[in-house]
Amino acid sequence: MTLEQRYLDAKKTLFDKAYSSLNDMQKDAVFTVNNPLLVIAGAGSGKTTVLVRRIAFIIKYGNAYHSTYVPYGVDEEHVSSLEKAAENVDGEELEAILSQFSSSPCEPWRMLAITFTNKAAKEIKDRLASEVGNEDISKEVWAGTFHSICMRILRTHGEKVGYRAGFSIYDADDSKKAIATAMKNLNIDEKAFPIKVVANIISDAKNRLLNPEMFESEAGNDFRLKKVAAIYKQYQTTMMQSNVLDFDDIIMKTVELLDKFEEVRKNYQARFKYVCVDEYQDTNEAQFKLTALLAGGYRNLMVVGDDDQSIYKFRGATIENILNFDRVFSDAKVIKLEQNYRSTQTILDAANAVIKNNVGRRGKNLWTNAGAGEKIYVKKTEDQNSEARFIVDKINSYVSAKKAEFKDFAVLYRNNAQSSTIEKTFAKSGIPYRMLGGTRFNDRKEIRDIVAYLHVIENHDDRERLLRIINVPSRKIGDKTLEAVEDIAGEQGCSMFDVIENADKYKALEKSAGKLMAFADLINYLGGIAEDISIEGLIRETLDRSGYRQMLIDGGEPEQERLDNLDEFISGAIDYERSLENDPDLPPTLFGFLEENALVADVDKYDDKADAVVLMTVHSSKGLEFPIVFLPGMEDGIFPGMQSVMGSDAEIEEERRLAYVAITRAKRELFISHVNSRLLYGKTSYNPESRFLREIPDELVKRDEPFSQMRKLNSLPFDSGYDKPRYEKITINRNTSARPAAPMGKKETFNEGDVVEHATFGRGEILSAKIVGADTLYEIAFDKVGTKKLMASFAKLKKI
DNA sequence: GAAGGCGGTCTTTTT
DNA sequence: GACCGCCTTC
């Protein structure tokens, strides 16, 4: 063997040693630095680890591993010292030796890492900081979501694609409102063209990079599509006038920018030497084009994803991006990570067995050397209530047996509607829980209102937000006035705010000029002080001067929560300012705060420290893991959902991928349940066991289904704690002192016939009382509101 | 212009 | 079954 060859071998051995905590596939992915690379990363296969360590590797060593460069004058002594080091050197000493191999390492600022969530971006940054041991270096790396990175580009070059300084972002709700406005302008009936449908079509078009003109020509002679094209055109015009972008615009306009302006494109292409994209299976066409453009200079594009975890097709993701990556980039290397570090083999076998029924996939098989573990526990109960009690009882028995803590459990359901039963049952049983999803913080009315104020202060042209707040609190500015303002703005070719500011100059606004101009004064005053005071101060000032806070205070008790939410919003602003106060590159600004607020959803609400069971949809659980997972509602019609059962194979395949995600969240144990009859959306349905459950081989499963057994055997009476309602009916004899056990050991109890007073329902008579768990369920005939069933612990009842 | 009634809707939703 | 948004009503 030549000296050169020995040198190169020794180098690889040393690197392999330094990265020995990774498996061979992971190492291959870390060391493969140049040219397109596709990493198919199965659930729990250490994807983020690979991503982070690869970025750090590139920053430290560049292409050192595969480089065939041998320094001039390498001699026997040098080579044998390396060979020796490969045998007995470790830790820092090893690192020091490796540093000699650096081969055109990459400056951190030339490194781009794109994710889908802020959480993922933050995780990459944090782990990168500890991996390279230098926070400043990790900060220089461009790591962010598709949207934040595009906004960063648009902030510099936005005016080239038609945006004026201070442009802002519309979220899905805002943009629906703008679509409604566009439709009103065009006299298109919302019933014939439901906004939701139109919004989806427009969003789809944008994800396929079709501008209104292209969409129109694609629509051809299709009547409906032609109408939608007209709406799209109108919508886009008003969006530009309002100087706002929707989420899809952020990507599409950036692509347009890079496409049209060669010098901008060249600039970024020359800058980004390495580009990594996470969750590649969830990218859409526009995002594909964007990455191809940004990575187009050096073509060192790495994408990581799992085609089996593609669950966002309904939002425009095209699984083809990952399926065809190595066809589009014909020199791409493909690496599969199939070793799983999360779950037991039983759980992985189940997941593999389910997903292998999909046709549209690359194919892979997860394995672990963690051992088989417990069987999957399948439970059938009578209805959703007994299902929830089953979950509660399991959790309680595990916790009291010290087999687990509350925070080890997650309940993952297919749709949010399933959560209410579980939530109520948890609440009644005193199980601590946290629910993720549901109404987002930013979607609350009061938050949208204050955000709208801030946006209007920043950007007077923001039409929808102006309309949102101009009469909140009431300033006696009605629809007719606003229509007149709108007409004048149209005639004059100026914004509504311009008209409002100068209302006294227009005859049509004679009556309302004072009110309009007072509003303009308010906004201008706030805009004037915005420069000089903190964002926190501006928010407080806005709430006070606008009368918004007073409006809520006047609203009394029921509005208290809104006031609390506003306080939380203010804390968010304080956090934002603190986080950036020492950052010379990015000082805190109202613009920045609003942008962050638009792009950052419920900031990592999920912290795994609190000892509470987690409740969320399967979709939101992607990327997370839990020791013990419950999957309630494993029924055809729920999971897979009715729509997909009735729909195409492709839809069922997406649901199956979702099931795959659900199963692979579990580390130790998996409980799957389904019910005989389910009350959902006010209707009772009798769903058969999910086809996905039937795809799990019997030998992996332990079934606990007395209900179905009873049917089969059609014999013995049985007593299961779950299949019968668990309360006993108590008949109360008015003449005895026998009473139902006092719930929660406190409160007064009532008997049949007692007359009580309820805080909101008023006077009523107790019709019946049932012990339910540790509580009592009263049926009460109220004088005013009729008969209601109330839990004693929730209803504040007083005996009269 | 505010409040209450009714009727339509209800997968999933990283930004 | 529950919630939201539109429409009616005063």
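Chain letters run A, B, ... following the sequence lines, proteins first, then strands; residues in each count from 1.
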(message) Can you tell me which nucleotide in B/dC10, B/dT13, B/dT11 comes closest to the side chain of A/Asn415?
(response)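 In terms of side-chain proximity for A/Asn415, the closest of B/dC10, B/dT13, B/dT11 is B/dT11.
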
(message) Restricting to salt bridge (Lys or Arg N to Asp or Glu O under 4.0 Å), what partner residues turn up for A/Glu279, sequence neighbours left out?
(response)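 With neighbours one apart ignored, the set is A/Lys47, A/Lys622.
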
Show each protein N/O and nucleotides 2-6 of chain B N/O combination with a separation under 3.5 Å, one pair to a line.
from: B/dA2; atom 1: OP1; to: A/Ser474; atom 2: OG; distance (Å): 2.8

(request) Indicate yes or no: does A/Arg448 engage A/Asp171 in a salt bridge with an N to O separation below 4.0 Å. (result)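 Yes, charged N to carboxylate O under 4.0 Å.
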
(request) In plain terms, say whether A/Arg691 and A/Asp636 are close enough for a salt bridge, that is, a side-chain N and a carboxylate O under 4.0 Å apart. (result)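 Result for this pair is yes, salt bridge flagged.
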
(request) For DNA chain B, determine which residues of residues 642-658 of chain A have any heavy atom closer than 4.0 angstrom to one of its atoms, and list them numerically. (result)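 Of all residues in residues 642-658 of chain A, the ones placing a heavy atom under 4.0 Å from DNA chain B are A/Gln643, A/Glu655.
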
(message) For A/Thr684, give me all partners under side-chain hydrogen bond (donor to acceptor under 3.5 Å, both in side chains), at least two apart in sequence or on another chain.
(response)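 A/Thr684 satisfies side-chain hydrogen bond (donor to acceptor under 3.5 Å, both in side chains) with no residue once adjacent residues are dropped.
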
(request) Kindly confirm whether the side-chain ring of A/Phe314 is stacked on the base of B/dT12, judged by centres under 5.5 Å and planes under 30°. (result)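 Base of B/dT12: stacked against A/Phe314.
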
(message) Looking at A/Lys196, I'd like to know whether one of its side-chain N or O atoms comes within less than 4.0 Å of OP1 or OP2 on B/dC10.
(response)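 For B/dC10, OP1/OP2 do have a side-chain N/O of A/Lys196 under 4.0 Å.
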
(request) Quick one: sort the A/Tyr576 and A/Phe593 rings into parallel, tilted or perpendicular, breaks at 30° and 60°. (result)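 Aromatic pair A/Tyr576/A/Phe593 classed tilted.
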
Any N/O pairs under 3.5 Å between the protein and nucleotides 1-8 of chain C? List them or say none.
from: C/dG1; atom 1: O6; to: A/Tyr681; atom 2: O; distance (Å): 3.4

(request) Can you run down the salt bridge (charged side-chain N to carboxylate O under 4.0 Å, His left out) pairs that involve residues 246-255 of chain A, sequence neighbours left out, and say none if there aren't any? (result)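 Every salt bridge (charged side-chain N to carboxylate O under 4.0 Å, His left out) pair that includes a residue of residues 246-255 of chain A, provided the two are not neighbours, is A/Lys206-A/Asp246, A/Lys206-A/Asp249, A/Lys253-A/Glu256.
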
